[in-house]
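Following: one structure in structure tokens, then a few remarks.
Remember, it's a predicted structure, so these values are computed and weren't measured experimentally. Here is how names work: the chains are called A, B, and so on, in the same order as the sequence lines, proteins then strands, and each is numbered from 1.
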Protein chains: 2
Amino acid sequence: MKALSQVGKYGLRALLYLVAYPPDSQYLSIRQISDDLGLSFHFVTKIFRELTEKGLLISYRGPSGGIALAKPAEEIMLLEVIKALEGDDYFDKCLIGLPHCGSAKPCPVHEFWKEVKTKLQHNFSETSLALLGEKIRTQEVRLDD
Amino acid sequence: MKALSQVGKYGLRALLYLVAYPPDSQYLSIRQISDDLGLSFHFVTKIFRELTEKGLLISYRGPSGGIALAKPAEEIMLLEVIKALEGDDYFDKCLIGLPHCGSAKPCPVHEFWKEVKTKLQHNFSETSLALLGEKIRTQEVRLDD
DNA sequence: CATATTTAAGACTATTTATTCCTAATTAAG
DNA sequence: CTTAATTAGGAATAAATAGTCTTAAATATG
Ligand code: SF4
Ligand code: SF4
């Protein structure tokens, strides 16, 4: 069950890095993130550009430039991140994708698919980046090997 | 959240058609299924060929040939179908896909991702094709428009 | 046996997603 | 002003997924 595209996976990991290891200065460079996580610098740059466009990040060019969260990590819920990375319709997708769905009668698997989606959405909307960053810092969980 | 590939979606729908509208004779032709559901005949054929190879279906060539379930619909759980269509590792996939995962410490989202997966897996393993077929027949749910 | 029907097999094409690469714009610092 | 560092933008390439098409094999029927 592929929950996230590569964009989603890399984007999330890179963001979590930023949250978990905030720089001394105002901005953290993409190069440092991608190098540390072993991700493609160009790919991460592309992903972050979109997050910047969507207002989740702010960026600054030039020496000692980089990216930073647009608001405190406490106020950014995983849900917002996922939607930014995967599209706002992320939780609207259906399991078997019937034409004209959502209308009249549901398909055979609608009920528990909805349950599962709702649960995940709920979890995501309750989890802040700050919390995850803290877990990473205390090494309760890990971001790489 | 894309849960199933096109192969998975079409395959499941086509299978459910077979279960819900079993033929008078022993086999149901792929042509009838694909025409009725508005799916590509060739694509469905391709998908079914794999299900046949995996022992979920049996096929028979020639006039009044077609495909049939290899065992009673009561004994086929959705889980088996999904795994056949999407690969046995379907429920092993992880959310952010860290290298060497499952080993030492989990990543930040492992816990609730596991919950969700377990729930879905459980639902799937409790739901038989027979049950879904019955729901379709009684029009409690629908397979197409 | 001849023909029509149906699945099997796999090549081929198209579309989407993933990834890399090149060039421009911005800015700090000497 | 020059240079180096950094993100911005978008083109180009690669890989994976989706979908089509052609030919072969099997089988029923007359
Ligand atoms: S009923 Fe629900 S799961 Fe089924 S096709 Fe519609 S939206 Fe998707
Ligand atoms: S800890 Fe779990 S969710 Fe996180 S990368 Fe590993 S398997 Fe995936």
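Remark: B/Tyr10 is not in phosphate contact with D/dA18, judged by side-chain N or O atoms under 4.0 Å from OP1 or OP2. OP1 or OP2 of C/dA8 lies within a sub-4.0 Å distance of a side-chain N or O belonging to B/Ser59. Phosphate contact (OP1/OP2 of D/dA8, side-chain N/O of A/Thr45, threshold under 4.0 Å): absent. Between B/Ser40 and D/dT20 there is a side-chain polar atom (N or O) within less than 4.0 angstrom of OP1 or OP2.
Checking D/dA18, D/dA24, C/dA25 against the side-chain heavy atoms of A/Arg61 singles out C/dA25 as nearest. Distances from the side chain of B/Arg49 to the nucleotides C/dT20, C/dA9, C/dT7 place C/dA9 closest. Of the candidate nucleotides C/dT27, C/dT7, D/dT27, D/dT27 has the atom nearest to the side chain of B/Pro63.
Salt-bridge formation is not detected for the pair B/Lys83/B/Glu80: no Lys NZ or Arg NE/NH1/NH2 atom is positioned less than 4.0 Å from an Asp or Glu carboxylate oxygen. Ion pairing of B/Glu86 with B/Lys93 is absent here, as no side-chain N (NZ or NE/NH1/NH2) approaches a carboxylate O to less than 4.0 Å.
Between B/Lys46 atom NZ and C/dA8 atom P the separation is 14 Å, expressed in whole Å. Atom-to-atom, NZ of B/Lys2 to P of D/dT17 comes out at 9 Å; the value is rounded to the nearest Å. Rounded to an integer number of Å, the gap from B/Glu50 CD to D/dA18 C1' is 14 Å. Summarising the geometry, the separation between CG on B/Leu28 and P on C/dT5 is reported as 17 Å, rounded to the nearest angstrom. Residue A/Phe48 contributes atom CZ, which lies 12 Å from atom C1' of D/dT7 at whole-angstrom precision. Taking atom OH on A/Tyr60 and atom P on C/dA25, their separation rounds to 18 Å, with Å as the unit. At whole-Å resolution of the value, NZ in B/Lys93 and P in D/dA16 are 13 Å apart. For the pair A/Phe43 CZ and C/dT19 C1', the interatomic distance rounds to 6 Å; values are reported in whole Å.
Nearest-nucleotide assignment on DNA chain D puts the 5′-proximal partner with B/Val7, out of B/Val7 and B/Ser64. Mapping A/Gly62 and A/His42 onto DNA chain C via the closest heavy atom, the residue that lands nearer the 5' end is A/His42.
Without hydrogens or angle criteria, B/Arg49 side chain to B/Val44 main chain gives no donor-acceptor distance under 3.5 Å.
Annotation for B/Ser59 and B/Thr52: closest pair OG-CG2, 3.8 Å, computed over non-hydrogen atoms.
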Worked check of salt bridge (Lys or Arg N to Asp or Glu O under 4.0 Å) between A/Lys46 and A/Glu50: CA-CA 7 Å; A/Lys46 195 180 209 174; A/Glu50 228 187 297; over 6 Å; no
